[in-house]
Asks: 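Sharing a structure, written as structure tokens. Questions coming.
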Amino acid sequence: MTYRIAVAGATGYAGGELLRLLLAHPAFEVGALTAKTNAGTAMGEHHQHLSPLWDRLIVDTTVENLLGHDVVALGLPHGASGEIAAALELAAPETILIDLGADHRLESAQAWEKFYGSEHQGTWTYGMPELLLDQTATKKQRDLLPGAKRIAVPGCNVTAVTLALAPGIAAGLLEPTDLTAVLANGVSGAGKALKTHLLASEIMGAASPYAVGGVHRHIPEIMQNLEKCGQGQISISFTPTMVPMSRGILATCTAKLTPQAKTADPASIRAAWEQVYAAEEFVNLLPVGQWPNTAATLGANTAQIQIAVDENAGRLVAICAVDNLVKGTAGAAIQSLNLALGLPEATGLTTLGVAP
């Protein structure tokens with residue numbers, strides 16, 4: 001069976017990456033391509049690499065243009081998905097809606113209003129199949145995705161930090177209120193809007209932190225995910241840093257070891273990550289001594305993870321590399337849609353990067 005999918009926000013980075021993956025997917029046919037300011041232009045003006053779609057006309061992002069599809073993907077900025085999603089739910093309740101933006105990720109309306117400053121638009125089924133839902137490391141979010149009609153794709157930074165730390169939290173090896181994460185982020189994570197700090201003249205040869213001091217909008221989502229591991233309240237210091245690469249995230253996370261973990265040998269601590277990710281096709285725990293590299297995940301729906309115990313500091317170091325546009329966004333969307341539609345989870349996805 002072939003599913004016809006419309007992509008709203010098709011000229012942006014997330015929309016373009018989703019289209020790249022959809023063009024190689026055997027079960028999807030690309031339908032309407034929509035945008036706001038770019039309506040009336042040809043796709044080739046925005047995504048030169050998507051040659052099969054060069055001549056396709058971008059139409060306005062309206063309910064009317066998105067109707068008549070099996071799936072509608074919303075690749076819109078935060079705050080822009082809620083209104084059109086609500087209208088689509090009324091007009092076409094059987095259509096599967098998947099939001100690549102932030103509007104439907106958070107369960108707490110209070111957290112949404114605090115970090116995003118607008119009205120909460122509701123909570124959809126969360127699109128991170130590997131997310132742990134208890135301390136046993138057996139129940140995961142993928143169990144909730146088959147048949148889902150409303151799916152919220154995780155934030156890219158959230159994916160990297162969650163996958164890095166969740167096994168240790170669930171196993172009771174890490175103090176959940178003493179977590180830190182410092183991330184090196186590619187520029188595409190900031191979107192495609194023309195802004196001075198995103199110009200090549202500003203980015204090249206420079207690294208700069210942003211959203212410092214607990215204000216980044218992905219923080220409540222990280223806390224929401226890690227609290228599902230069953231070890232109580234989460235507290236994390238999260239600092240992203242923009243670096244001169246077009247895409248990719250390298251998340252360096254540390255956590256204080258619990259008393260039981262301080263007396264354990266490193267192999268038994270590593271076993272917690274091995275147990276959680278042994279059967280996961282898209283999460284790779286690297287061999288001991290080998291460290292994640294963003295180039296190795298470029299273009300792939302893969303998260304690479306490595307851990308180490310810093311005995312002197314009494315902390316664990318967990319590092320995760322992902323492509324923010326693939327495993328961090330569009331790949332997660334495809335992975336979740338596959339599960340929702342009853343397709344093999346890996347359909348249309350690759351685990352192979354394009355390094356160097």
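Excluded from the calculations below are hydrogen atoms, water molecules and symmetry mates; all remaining heavy atoms, backbone and side chain alike, are included. All residue numbers in this chain count up from 1 along the given sequence.
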Asks: Tell me whether Lys140 contacts the main-chain N or O of Val276 through its side chain, where contact means a donor paired with an acceptor under 3.5 Å.
Replies: yes
Asks: Should we say atom NZ of Lys139 is surrounded by more than 12 heavy atoms from elsewhere, each under 6.0 Å from it?
Replies: no
Asks: Has Lys262 got more than 12 heavy atoms of other residues, nucleotides or ligands less than 6.0 Å from its NZ?
Replies: yes
Asks: Start with the C-alpha distance between His218 and Cys156, add both sets of side-chain angles, then the distance that settles side-chain contact (heavy atoms from CB on, under 4.5 Å), and finish with yes or no.
Replies: CA-CA 9 Å; His218 284 175; Cys156 52; 4.3 Å; yes
Asks: Can you list the residues that meet the side chain to side chain donor-acceptor pair (under 3.5 Å) rule with His120, with sequence neighbours excluded?
Replies: none
Asks: Classify the ring geometry of His47 against His49: parallel below 30°, tilted from 30° to 60°, perpendicular beyond 60°.
Replies: perpendicular
Asks: Ignoring hydrogens and geometry, is there a side-chain-to-backbone donor-acceptor pair from Thr297 to Thr294 under 3.5 Å?
Replies: yes
Asks: Looking at every heavy atom in both Asn65 and Ala32, which two are closest together, and how far apart are they?
Replies: O-CB, 3.4 Å
Asks: Test side chain to side chain donor-acceptor pair (under 3.5 Å) on Asn324 and Thr329; report intermediate values, then the result.
Replies: CA-CA 6 Å; Asn324 59 295; Thr329 308; 5.8 Å; no
Asks: Hey, would you say the Trp112 and Tyr116 ring centroids sit under 6.0 Å apart?
Replies: yes
Asks: Quick check: closest heavy atoms across Ala39 and Val59, and the distance to 0.1 Å?
Replies: CB-C, 3.9 Å
Asks: What pair of heavy atoms forms the shortest contact from Phe238 to His216, and how long is it?
Replies: CE2-CG, 3.5 Å
Asks: Using the rule that two of Ile, Leu, Val, Met, Phe, Trp, Tyr join whenever any of their side-chain heavy atoms come within less than 4.5 Å, decide whether Leu100 and Leu145 are in one cluster.
Replies: yes
Asks: So, for Ala85 and Leu97, which heavy atoms are closest and what is the spacing to 0.1 Å?
Replies: O-CD1, 3.8 Å
Asks: Does Arg142 come within less than 4.0 Å of Glu345, counting only side-chain N to carboxylate O?
Replies: yes
Asks: Flag yes if more than 12 heavy atoms outside Gln260 fall under 6.0 Å of its CD atom; otherwise flag no.
Replies: yes
Asks: May I ask you to say whether Arg4 pairs ionically with Asp70, meaning some side-chain N is under 4.0 Å from a carboxylate O?
Replies: no
Asks: Do Thr11 side-chain atoms and Asn38 backbone N/O form a donor-acceptor pair below 3.5 Å?
Replies: no
Asks: Quick one: are Val71 and Leu337 in side-chain contact, heavy atoms under 4.5 Å?
Replies: yes
Asks: Taking Leu90 as the starting point, is it possible to reach Leu66 by hopping between hydrophobic residues whose side chains are less than 4.5 Å apart?
Replies: no
Asks: Hey, is the main chain of Ser81 close enough, under 3.5 Å, to the side chain of Asp103 for a donor-acceptor pair?
Replies: yes
Asks: Would you say the side chains of Asn225 and Tyr126 form a donor-acceptor pair under 3.5 Å?
Replies: yes
Asks: Are the charged groups of Arg247 and Glu17 less than 4.0 angstrom apart, N to O?
Replies: yes
Asks: If I compare all heavy atoms of Met43 with all of Ile58, which pair ends up nearest, and what's the gap?
Replies: CE-CD1, 3.7 Å
Asks: Would you call Arg150 and Glu89 a salt bridge, using N to O less than 4.0 angstrom?
Replies: yes
Asks: For Thr180 and Thr254, does a side-chain donor sit closer than 3.5 Å to a side-chain acceptor?
Replies: yes
Asks: Exactly one of Met128, Gln304, Glu130 should register a side chain to side chain contact (heavy atoms under 4.5 Å, CB included) with Lys327. Which one does?
Replies: Glu130
Asks: Once you round to the nearest 0.5 Å, how far does CG of Leu88 lie from NE2 of His69?
Replies: 10.5 Å
Asks: Hey, are Asn185 and Thr241 close enough side-chain-wise for a donor-acceptor pair under 3.5 Å?
Replies: no
Asks: Cut-off 3.5 Å, side chains only: do Arg105 and Gln121 have a donor facing an acceptor?
Replies: no
Asks: Under 3.5 Å, side chain of Thr162 to main-chain N/O of Val158, donor-acceptor pair present?
Replies: yes
Asks: Pairing donors with acceptors under 3.5 angstrom, does anything connect the side chains of Thr61 and Thr34?
Replies: yes
Asks: Can you tell me if Thr351 uses its side chain to pair, donor with acceptor, with the backbone of Thr302 under 3.5 Å?
Replies: no
Asks: Judged by atom type as modelled, is there a donor-acceptor pair below 3.5 Å linking the side chain of Asp265 to the main-chain atoms of Ala267?
Replies: yes
Asks: What I'd like to find out is whether the side chain of Val153 reaches to under 4.5 Å of the side chain of Ile98, using heavy atoms alone.
Replies: yes
Asks: Regarding Asp178 and Arg315, does a basic nitrogen lie under 4.0 Å from an acidic carboxylate oxygen?
Replies: yes
Asks: Side chain of Gln335, backbone of Pro129: donor and acceptor closer than 3.5 Å?
Replies: no
Asks: Checking Gln231 side chain against Ala170 main chain: does a donor-acceptor pair fall under 3.5 Å?
Replies: yes
Asks: Which atoms form the tightest heavy-atom contact between Gln233 and Pro176, and what is the distance?
Replies: O-CB, 3.6 Å
Asks: Got a sec: does the NZ of Lys256 have more than 12 other heavy atoms crowding it under 6.0 Å?
Replies: no
Asks: Check the orientation of His104 and Trp124. Use parallel for under 30°, tilted for 30 to 60°, and perpendicular for over 60°.
Replies: parallel
Asks: Would you say the side-chain atoms of Lys149 pair up with the backbone N or O of Glu94, donor to acceptor, closer than 3.5 Å?
Replies: yes
Asks: State whether the number of non-hydrogen atoms from other residues, nucleotides or ligands found under 6.0 Å of Glu113 atom CD is greater than 12.
Replies: yes
